[in-house]
Amino acid sequence: QVQLVESGGGLVQAGGSLRLACAASGRTITNYAVGWFRQAPGKEREFVGAIRWSGGSTRYTNSVKGRFIISRDDAKNTVYLQMDSLKPEDTAVYYCAADLVGGEGADEYDYWGQGTQVTVSS
């Protein structure tokens with residue numbers, strides 16, 4: 001089993017920045033993909049980006065490219081989502097998820113965190 005805990009959410013003004021953290025425990029995730037998803041009220045959960053632990057390759061949805069960066073800290077078994085130039089439409093609950101394969105679909109991930117709220121005011 002893999003346990004994931006997100007942190008770092010909060011309220012920020014448009015144009016500001018936040019860094020979310022996803023701390024993993026219970027099993028080494030060195031062979032896992034870790035994805036970030038978000039869900040706004042009344043909307044489906046959507047893919048934000050993902051990182052493959054091995055090699056560190058990343059991918060992002062088009063709406064966050066150039067503004068969000070995913071990174072990892074091997075020593076802390078933690079993945080980060082750095083969010084810059086935030087917009088009101090980025091407001092959502094953000095989740096991290098882990099899977100041996102992963103991808104851009106939420107149903108491709110076996111392990112999920114509890115989510116952290118990000119609110120961007122205009």
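Along the sequence shown, residues are numbered consecutively beginning with 1.
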CD of E104 to CD of E46: how many Å apart, nearest 0.5 Å? 11.0 Å
Using atom types as modelled and distance alone, determine if a side-chain donor or acceptor of T91 lies under 3.5 Å from a backbone N or O of V120. yes
Does the side chain of L20 reach to within under 4.5 Å of the side chain of M83, using non-hydrogen atoms? yes
For residues A40 and A92, report the shortest heavy-atom separation together with the two atoms involved. N-CB, 3.8 Å
Main-chain N/O of V79 paired to R72 side chain as donor or acceptor, under 3.5 Å: no
Does R38 reach the side chain of D90, with side-chain heavy atoms less than 4.5 Å apart? yes
Taking all non-hydrogen atoms of both residues, which atom of W36 and which atom of C22 are closest, and how far apart? CZ2-CB, 3.6 Å
Interatomic distance, R52 atom CZ to S57 atom OG [nearest 0.5 angstrom]: 7.0 Å
Distance (rounded to the nearest 0.5 Å) between E108 CD and L100 CG: 13.0 Å
Spacing of K87 atom NZ and S63 atom OG [to the nearest 0.5 Å]: 8.0 Å
Could you tell me whether F47 and Y60 have their ring centroids closer than 6.0 angstrom? no
Smallest heavy-atom separation, A50 atom then I70 atom, equals N-CD1, 3.3 Å
Judged by modelled atom types alone, do D84 and S17 share a side-chain donor-acceptor pair under 3.5 Å? yes
With rounding to the nearest 0.5 angstrom, report the CD to CG distance, Q114 to L4. 9.0 Å
Which heavy-atom pair separates E6 from G115 by the least distance, and what is that distance? OE1-N, 2.8 Å
Spell out, as yes or no, whether a donor-acceptor pair under 3.5 Å connects the side chain of R59 to the backbone of G103. no
If you define the side chain from C-beta out and look only at heavy atoms, does anything of V93 sit under 4.5 Å from T116? no
Geometric class of the Y111/Y32 ring pair [parallel <30°, tilted 30-60°, perpendicular >60°]: tilted
Side-chain contact, heavy-atom cut-off 4.5 Å: L86 with F68? yes
Members other than Y80 in its cluster, when Ile, Leu, Val, Met, Phe, Trp, Tyr link by side-chain heavy atoms under 4.5 Å? none
Among the clusters formed by ILVMFWY side chains lying less than 4.5 Å apart, do V118 and F37 turn up in the same one? no
Between Q1 and R27, the two heavy atoms sitting closest are N-NH2, 3.1 Å
Please report the interatomic distance CZ(R67) to OG(S85), rounded to the nearest 0.5 Å. 7.0 Å
Write down the atom of A14, the atom of P88, and the distance for their closest heavy-atom approach. CB-CD, 4.1 Å
Tell me if a side-chain donor or acceptor on D73 pairs with a main-chain N or O of T78 at a distance below 3.5 Å. no
Classify the ring geometry between Y95 and W112 as parallel (under 30°), tilted (30 to 60°) or perpendicular (over 60°). perpendicular
